Amino acid sequence: DAKTTQPNSMESNEEEPVHLPCNHSTISGTDYIHWYRQLPSQGPEYVIHGLTSNVNNRMASLAIAEDRKSSTLILHRATLRDAAVYYCILRDVDQAGTALIFGKGTTLSVSS
Amino acid sequence: DTGVSQNPRHKITKRGQNVTFRCDPISEHNRLYWYRQTLGQGPEFLTYFQNEAQLEKSRLLSDRFSAERPKGSFSTLEIQRTEQGDSAMYLCASSLPGRQETQYFGPGTRLLVL
């Protein structure tokens, strides 16, 4: 899987939008962009994924650059429960069934 | 909602002892993964099962580690002759096959080797 680059940490205030960036300049055409997050003392949980088009679900939105070399996870209104480590991961669709390769992710702090 | 469960949640052992962890995946998920996570790092892959077959192992999985998934249901991860460096969170995840596979993680087993 190709490598991703994320900021080590970000801060936000409650009820404000949060934009978490991810760079993946070596992404291949068959790589899906996945986001997982890990709340304190819990296992990671799936957030969202996409290939080329922007995606929305109940948890977040994923904005993918036109050249696919970067993406942004958007939390529309941060809550205290969104404080977690967010991981951006590339997965080759032709290699489904292999492990997720986690980096260090972005630690998001949310203040009230 | 029966997600992935792991037991025990915490384990403290002395160096040199053997430990075994159990993972119960989501029913009907035929893929099962083990990961290890040390403090401040993201999870690292250890091994992967499809049904009862162990299809992939990481080089992190030394000969002291063994994993099984009898009958393709629950899985166990055993560490023999534990070392202090084995102290970590051990995570299990399960999934259904598919090109956009999503992995569902358990809460993990935190191991402390004294």
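Values in this document were obtained by computation on a predicted structure and should not be read as measured data. Throughout, protein chains are lettered first and strands after them, A, B, ... in sequence-line order, and every chain is numbered starting at 1.
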According to a hydrophobic-cluster definition based on side-chain heavy atoms being under 4.5 Å apart (Ile, Leu, Val, Met, Phe, Trp, Tyr only), do B/M89 and B/V19 belong together?
no

Which atom names give the shortest non-hydrogen contact between B/Q41 and A/Y87, and what distance separates them?
O-OH, 4.0 Å

Quick check: are there more than 12 heavy atoms from other residues, nucleotides or ligands sitting under 6.0 Å from CG of A/L80?
yes

Count I, L, V, M, F, W, Y as connected when their side-chain heavy atoms are under 4.5 Å apart, and connections chain through other members. Are A/V85 and A/I74 then in the same cluster?
no

Which answer fits B/P43, side chain, backbone, both or neither, if we ask what part of it has an atom under 4.5 Å from a heavy atom of chain A?
both

More than 12 heavy atoms of other residues, nucleotides or ligands under 6.0 Å from CG of A/L39: is that the case?
yes

Go through the atoms of B/E44 and report whether side chain, backbone, both or neither lie under 4.5 Å from a heavy atom of chain A.
neither

More than 12 foreign heavy atoms under 6.0 Å from CZ of A/R77: is that the case here?
no

Do you know which of A/G43, A/P44, A/G103 has the most heavy-atom pairs under 4.5 Å to chain B?
A/P44

So, for A/L100 and B/Y35, which heavy atoms are closest and what is the spacing to 0.1 Å?
N-OH, 2.9 Å

Chain B heavy atoms under 4.5 Å from A/T107: which part of the residue, side chain, backbone, both or neither?
neither

State yes or no: do A/F102 and B/L46 share one hydrophobic cluster built from I, L, V, M, F, W and Y residues joined by side-chain heavy-atom distances below 4.5 Å, directly or via other members?
no

If I take atom NE2 from residue A/H34 and atom CD from residue B/Q103, how far apart are they, to the nearest 0.5 angstrom?
9.0 Å

Tightest non-hydrogen contact, residues A/R91 and B/Y33, listed as NH2-OH, 4.5 Å

Determine whether more than 12 heavy atoms belonging to other residues, nucleotides or ligands lie under 6.0 Å from atom CD of A/E11.
no

When rounded to the nearest 0.5 angstrom, what is the spacing between CZ in B/F105 and CD in A/Q42?
13.0 Å

